[in-house]
Amino acid sequence: MTNKEYADFLLKTDYDYNYYLEKYPKRALKEGQMVTRFAPSPTGFVHMGSLYTSFSDLQFAKQTNGICYLRIEDTDQKRLIEDGINGIINDFNDLNIHFDEYPNHGEYGPYIQSERRDIYASFAKKLIMEGLAYPCFCSSCELDSIRKEQIDKKDRIGYYGKYAKCRDLTMDEAIARINNNEPYIIRLKSLGDFNKKIVLNDLIKGQIEMPENDIDVVIIKSDGLPTYHFAHAVDDFLMGTTHVIRGDEWLSSYPIHYELFKVLGFKQPKYAHMAPINIKEEDTVRKISKRKDPWARISYYDEMGIPTEALKLY
């Protein structure tokens, strides 16, 4: 079996990755124009932190005569709420905030990740053909056992090195297990070395040095949908994102994203990691919480009679 046949055996797709590279050509941008995106998950209401980030995305696109599009990241199907996508769109409409491209409007759609399943699978197959991704059959119990061993030995947590049990399975061994109806996921076969460093030139925080990623992260889950990391790389490249403006809780994920862009052969966008909105409580400072703070909800301000323009200005 060739590498291509093996990839076709592992993942079924309607088209290969070249089809999608042609379908989504590079955006025709003038010098200085920015393409940004606001990419919420439909797991709850729009909160103040989301509003803060979206304003940054929209403002930078606007002041450069660029584009800001709305992308819905719904690959975590277990956490979705009913009518969550319309809820997000309606919340922004109520605030008179409008994007240039929407889930139902734009040339680079669909902008809802669960509707892009074939796109992600086609690029995962590319990595499999190049020996840069592989099927993993480890159960949750096996992964828990690996984690316990790492904790006991005070090693780093993750699926890497000797802990990557399925990394060196032969093609025949994997096919036999699949034919035996064993469930599997697809992992990146990382080329990184944790002892080597990469440098992020963050547009807010400046130069940040980090270890390379050496973890074989999951890229396609057992339900056929991608993980956030893989979808982020594929979508931001195909949709022509030039600048990723996001909360600094994602800073630690940068080495994974750096490697995914590199192995996929994609030009990486520029990154700007923003500090979160915090609340001071006596002597402690914490991040605003959707669960704890009623004022995290956008609707709270409407209920309090605070005008929309005042909220936006604030």
No-hydrogen, no-angle side-chain donor-acceptor test under 3.5 Å, [X] and [Y]:
X: Asp235; Y: Tyr120; result: yes
X: Tyr228; Y: Asp76; result: no
X: Glu101; Y: Tyr111; result: yes
X: Asp74; Y: Ser114; result: yes
X: Lys221; Y: Thr227; result: no

Does [atom1] in [X] sit with more than 12 non-hydrogen atoms of other residues, nucleotides or ligands closer than 6.0 Å?
X: Lys262; atom1: NZ; result: no
X: Lys197; atom1: NZ; result: yes
X: His98; atom1: NE2; result: yes
X: Gln59; atom1: CD; result: yes
X: Phe60; atom1: CZ; result: no

Give a yes or no answer on whether the side chain of [X] reaches the backbone of [Y] with a donor-acceptor pair at less than 3.5 Å.
X: Glu142; Y: Ser139; answer: yes
X: Tyr163; Y: Gly158; answer: no
X: Arg27; Y: Met239; answer: yes
X: Asn180; Y: Ala176; answer: no

Where [X] and [Y] come nearest, the two heavy atoms and their spacing:
X: Asp193; Y: Glu212; value: N-OE1, 2.7 Å
X: Gly192; Y: Ser190; value: N-OG, 3.0 Å
X: Leu11; Y: Ala121; value: CD1-O, 3.8 Å
X: Gln33; Y: Ala28; value: OE1-O, 4.4 Å
X: Ile157; Y: Ile215; value: O-CD1, 4.0 Å

For residues 303-314, which side-chain N or O atoms pair as donor and acceptor with protein atoms under 3.5 Å away, sequence neighbours left out?
unit_1: Glu303; atom_1: OE2; unit_2: Arg297; atom_2: NH1; d: 3.3
unit_1: Glu309; atom_1: OE2; unit_2: Lys312; atom_2: NZ; d: 3.3
unit_1: Lys312; atom_1: NZ; unit_2: Leu95; atom_2: O; d: 3.3

| request: For the pair His229 and His257, name the ring-plane relationship: parallel under 30°, tilted 30 to 60°, perpendicular over 60°. | output: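 Geometry flag for His257 against His229: tilted rings.
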| task | Fit a plane to each ring of Tyr15 and Tyr19, take the angle between them on a 0 to 90° scale, and name the class: parallel (under 30°), tilted (30 to 60°) or perpendicular (over 60°). | result |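 The rings of Tyr15 and Tyr19 lie parallel, inter-plane angle below 30°.
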Between [Y] and [X], does any NZ, NE, NH1 or NH2 come within less than 4.0 Å of an OD or OE carboxylate oxygen?
X: Arg71; Y: Asp236; answer: yes
X: Glu173; Y: Arg177; answer: no
X: Lys148; Y: Asp152; answer: yes
X: Lys12; Y: Asp8; answer: no
X: Lys125; Y: Asp16; answer: no
X: Asp216; Y: Lys165; answer: no

Are any non-hydrogen side-chain atoms of [X] and [Y] less than 4.5 angstrom apart?
X: Asp57; Y: Arg37; value: no
X: Leu203; Y: His243; value: yes
X: Tyr160; Y: Asn213; value: no
X: Asp155; Y: Glu149; value: no
X: Pro103; Y: Leu70; value: yes
X: Tyr134; Y: Arg167; value: yes
X: Cys68; Y: Asp100; value: yes
X: Tyr184; Y: Cys166; value: no

| task | Please confirm whether Arg156 makes a cation-pi placement over Phe194, using NZ or CZ under 6.0 Å from the six-membered ring centre and within 45° of the ring normal. | result |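 Because its charged atom sits under 6.0 Å from the ring centre and within 45° of the axis, Arg156 does stack over Phe194.
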Knowing that exactly one of [options] qualifies, which makes a ring-ring contact (aromatic ring centres under 6.0 Å, His included) with [X]?
X: His232; options: Trp250, Phe261, Phe237, Tyr254; answer: Phe261
X: Phe38; options: Phe92, Tyr52, Tyr69; answer: Phe92
X: Phe123; options: Tyr20, Phe266, Tyr24; answer: Phe266

Are [Y] and [X] co-members of a hydrophobic cluster defined by side-chain heavy atoms under 4.5 Å apart?
X: Val218; Y: Leu188; answer: no
X: Ile119; Y: Ile72; answer: no
X: Leu225; Y: Ile186; answer: no
X: Leu58; Y: Ile67; answer: no
X: Tyr258; Y: Met210; answer: yes

| query | Going through the distances and angles, do Asn195 and Asp214 end up as a side chain to side chain contact (heavy atoms under 4.5 Å, CB included)? | reply | CA-CA 9 Å; Asn195 295 311; Asp214 66 346; over 6 Å; no
Hey, can you pull the donor-acceptor pairs under 3.5 Å for the side chains in residues 274-283, sequence neighbours left out?
unit_1: Glu281; atom_1: OE1; unit_2: Arg286; atom_2: NE; d: 3.1
unit_1: Glu281; atom_1: OE2; unit_2: Arg286; atom_2: NE; d: 3.4
unit_1: Glu281; atom_1: OE2; unit_2: Arg286; atom_2: NH2; d: 3.0

| What residues form a salt bridge (Lys or Arg N to Asp or Glu O under 4.0 Å) with Lys205, not counting sequence neighbours? |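 Asp248.
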| query | Ile288 and Met48: side chain to side chain contact (heavy atoms under 4.5 Å, CB included), yes or no, with the steps? | reply | CA-CA 8 Å; Ile288 193 171; Met48 287 297 288; 4.2 Å; yes
